[in-house]
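Since the structure comes first, as structure tokens, the remarks are kept for the end.
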Protein chains: 2
Amino acid sequence: MTGARGGVLELAVLGSLHETPLHGYELRKRLNALLGMFRAFSYGSLYPCLRQLLADGLIAEEQPADVAAPLSGRRSKIVYKLTAEGKERLQELLTQAGPSAWEDESFGIHFAFFRHTEAEVRLRILEGRRSRLEERLDSVRTALARTRERLDSYTLELQRHGLESVEREVRWLNELIATERQGLPSTPTDRTDRAEKPGSDTTDLD
Amino acid sequence: MTGARGGVLELAVLGSLHETPLHGYELRKRLNALLGMFRAFSYGSLYPCLRQLLADGLIAEEQPADVAAPLSGRRSKIVYKLTAEGKERLQELLTQAGPSAWEDESFGIHFAFFRHTEAEVRLRILEGRRSRLEERLDSVRTALARTRERLDSYTLELQRHGLESVEREVRWLNELIATERQGLPSTPTDRTDRAEKPGSDTTDLD
DNA sequence: TTCGTCATGTAATGGGTTACATGATTAC
DNA sequence: GTAATCATGTAACCCATTACATGACGAA
């Protein structure tokens with residue numbers, strides 16, 4: 001059971017395939033173009049993942065069948081498309097606003113598909129990531145304060161650069177959150193129960 | 001065989017223990033304070049790693065024995081120290097200037113112990129990382145140029161932020177490299193053979 | 001005496017990579 | 001016709017995590 005459920009790949013594949021049907025090779029290129037700054041997937045993980053998703057019925061092979069390529073018997077590319085079940089599963093993944101959405105490995109992928117994510121979920125993910133980073137800042141800052149003197153210049157420089165990067169990402173998140181907030185003028189005060197919300201559609205997904 | 005050879009942990013442990021003997025719990029705290037912005041280790045990987053390193057003879061238990069704690073039979077903390085072999089191994093790890101030193105997962109740890117790394121090796125690692133990042137920039141930039149139009153605003157923003165972060169790190173590396181170069185006024189032109197280099201000591205390590 | 005944190009460990013699992021193997025198609 | 005790149009796949013391994021289990025010690 002190498003690779004479909006639980007990993008980031010599942011979302012990455014499902015999300016990509018939702019936009020348009022693709023074959024494995026092309027899918028990988030797109031993914032690495034999309035997330036290239038953060039991570040890169042290899043074929044060794046992608047193909048087994050596709051196989052698993054196929055077995056689970058979340059994706060299906062797409063037959064070119066009739067038009068534009070009448071050659072028979074030739075099928076080297078295997079183009080996959082999302083099934084109805086697959087769309088459901090994708091929706092499920094995109095609705096989860098928990099650590100699995102805002103940790104380092106997964107945040108980028110989730111963000112990349114924000115277009116298909118509900119506005120409220122987007123906000124909670126952004127805030128989740130921000131507080132995750134702030135936690136990190138706090139713990140490193142306090143640890144640093146206690147030991148700053150006995151650190152060599154390289155270690156110090158690493159700390160400085162690390163802090164700066166994370167602080168920068170927090171600022172970036174702040175801006176995003178502010179923008180998102182303007183988008184949803186509902187929930188004036190904080191509500192613990194979240195029943196129906198009349199005009200809050202942003203999901204698209206079909 | 002969970003965990004000692006090959007991983008980043010080996011270097012992290014050996015490097016930390018070189019500065020001062022430590023027990024596992026404290027070691028982990030230090031490591032996570034040192035590298036907290038980049039990654040975090042768990043006990044589940046640290047302890048098995050220590051066990052392995054102990055078995056390999058790279059570290060040894062340190063007996064408090066005589067002074068300052070005369071209570072007998074009590075030994076809840078297990079303090080480890082580097083052996084001669086361990087120091088050798090550490091030196092070996094710190095001399096490797098290859099992908100294993102400048103990839104995302106490992107660069108931080110290598111940088112953190114630059115104090116114990118030869119000046120030339122430092123330079124090659126910094127340059128290696130820089131060109132690694134530049135490769136990434138290139139491939140993402142070209143891919144982006146071909147598909148910019150059909151990208152939604154979230155994807156675009158992710159790309160922008162990713163590019164900016166990496167560009168920023170490249171600039172940081174540029175500065176570091178410049179500083180390093182001032183430190184070693186040898187090799188006026190590029191030499192393919194690198195035989196002895198008389199006065200290039202910075203290693204310390206005993 | 002109970003709670004937090006210090007302290008050490010193990011088993012199961014996980015999610016992905018590397019390296020390998022194969023073959024079709026395109027460009028020169 | 002041969003080299004590059006497109007395209008698909010598998011087996012072995014890797015490095016670390018999660019979750020669990022245990023217990024000592026200090027402070028409230």
Side-chain angles (χ1 to χ4, degrees), chain A residues 1-13 21-32 35 38-55 59 61-62 64 69 71 73-80 93 98-100 103-106 109 139 142-143, chain B residues 1-13 21-32 35 38-55 59 61-62 64 69 71 73-80 93 98-100 103-106 108-109 139 142:
Chain A
M1 245 165 253
T2 314
R5 232 161 201 99
V8 228
L9 252 176
E10 186 187 8
L11 174 56
V13 169
L22 288 170
H23 60 273
Y25 192 86
E26 174 73 11
L27 180 53
R28 188 219 182 205
K29 281 206 310 184
R30 294 236 184 163
L31 241 31
N32 288 352
L35 307 165
F38 311 98
R39 60 181 310 160
F41 297 107
S42 64
Y43 296 119
S45 46
L46 182 56
Y47 284 114
C49 176
L50 285 170
R51 223 156 69 87
Q52 185 62 37
L53 291 173
L54 187 65
I59 61 176
E61 290 188 38
E62 189 192 50
L71 266 316
R74 275 167 70 273
R75 201 272 315 269
S76 94
K77 287 187 196 176
I78 304 175
V79 178
Y80 295 100
L93 290 173
S100 69
E103 286 301 316
D104 290 340
E105 333 80 51
S106 45
I109 287 96
S139 73
T142 31
Chain B
M1 244 166 253
T2 313
R5 235 163 198 95
V8 229
L9 251 177
E10 186 187 9
L11 174 56
V13 169
L22 287 171
H23 60 273
Y25 191 87
E26 174 73 10
L27 180 51
R28 189 220 181 203
K29 281 204 311 184
R30 294 234 185 165
L31 243 29
N32 288 351
L35 306 165
F38 311 98
R39 60 182 309 159
F41 297 106
S42 64
Y43 297 119
S45 46
L46 182 56
Y47 284 115
C49 176
L50 285 170
R51 222 156 71 86
Q52 186 61 38
L53 290 173
L54 188 65
I59 62 176
E61 289 188 38
E62 190 192 51
L71 266 315
R74 275 167 71 273
R75 201 269 318 267
S76 91
K77 288 188 198 178
I78 304 176
V79 178
Y80 296 99
L93 289 173
S100 70
E103 285 303 314
D104 289 341
E105 332 79 50
S106 45
I109 288 97
S139 73
T142 33

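Here the structure is a predicted model, which means the values were calculated and not measured. First the proteins, then the strands, lettered A, B, ... as listed; each starts at 1.
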Which protein N or O atoms sit under 3.5 Å from an N or O of nucleotides 4-7 of chain D?
unit_1	atom_1	unit_2	atom_2	d
D:dC6	OP2	A:Tyr25	OH	2.5
D:dC6	O5'	A:Tyr25	OH	3.4
D:dA7	OP1	A:Lys77	NZ	3.1
D:dA7	OP2	A:His23	NE2	3.3

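In this structure, the CG atom of B:Leu46 is 10 Å from the P atom of D:dT17, given to the nearest Å. When rounded to the nearest whole Å, the span between CG of B:Leu9 and P of D:dC14 equals 15 Å. Here the P atom of nucleotide D:dA16 and the CG atom of B:Leu11 are 11 Å apart, to the nearest Å. In this structure, the CZ atom of B:Phe41 is 18 Å from the P atom of C:dG9, given to the nearest Å. Computed from coordinates, the B:Glu105 CD to D:dT17 P distance equals 13 Å when rounded to whole Å. For the pair B:Leu50 CG and C:dG9 P, the interatomic distance rounds to 8 Å; values are reported in whole Å. Taking atom CZ of residue B:Arg51 and atom C1' of nucleotide C:dT8, one finds them 11 Å apart after rounding to whole Å. Rounded to an integer number of Å, the gap from B:Leu22 CG to C:dC6 P is 15 Å.
Annotation: the span from B:Arg28 atom CZ to B:Cys49 atom SG amounts to 14.0 Å, rounded to 0.5 Å.
Each end of the helix from C:dT1-D:dA28 to C:dC28-D:dG1 yields a helix axis from five base pairs, and these two axes differ in direction by 30° (to the nearest 10 degrees).
By the 4.5 Å heavy-atom criterion applied to side chains, B:Leu22 and B:Val79 are not counted as neighbours. Side-chain contact check for A:Tyr80 versus A:Glu62: every heavy-atom pair is 4.5 Å or farther apart. Here the side chains of B:Phe41 and B:Leu46 are not in contact, with every heavy-atom distance at 4.5 Å or above.
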With side chain to side chain contact (heavy atoms under 4.5 Å, CB included) as the test, would you mind laying out the steps for A:Leu27 and A:Leu50 before giving the verdict?
CA-CA 10 Å; A:Leu27 180 53; A:Leu50 285 170; 4.0 Å; yes
Stepwise side chain to side chain contact (heavy atoms under 4.5 Å, CB included) check, A:Glu10 with A:Leu93:
CA-CA 9 Å; A:Glu10 186 187 8; A:Leu93 290 173; 4.0 Å; yes
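By the side-chain hydrogen bond (donor to acceptor under 3.5 Å, both in side chains) test, B:Glu105 pairs with no residue at all, sequence neighbours left out.
Heavy-atom neighbours of A:Arg39 CZ from other residues, nucleotides or ligands within 6.0 Å: above the threshold of 12.
B:Arg28 comes within contact range of no nucleotide atom at all, as no heavy-atom separation falls under 4.0 Å.
In the set D:dT10, C:dT10, C:dT8, D:dT10 carries the atom at the smallest distance from any side-chain atom of A:Pro48.
Residues A:Ser100 and A:Ser106 come closest through the heavy atom pair O-OG, 2.8 Å.
Each of B:Tyr43 and A:Arg39 was matched to the nucleotide of DNA chain C holding its nearest heavy atom; the match closer to the 5' end belongs to B:Tyr43.
Here A:Ser45 reaches the OP1 or OP2 of C:dT17: one of its side-chain N or O atoms lies under 4.0 Å away.
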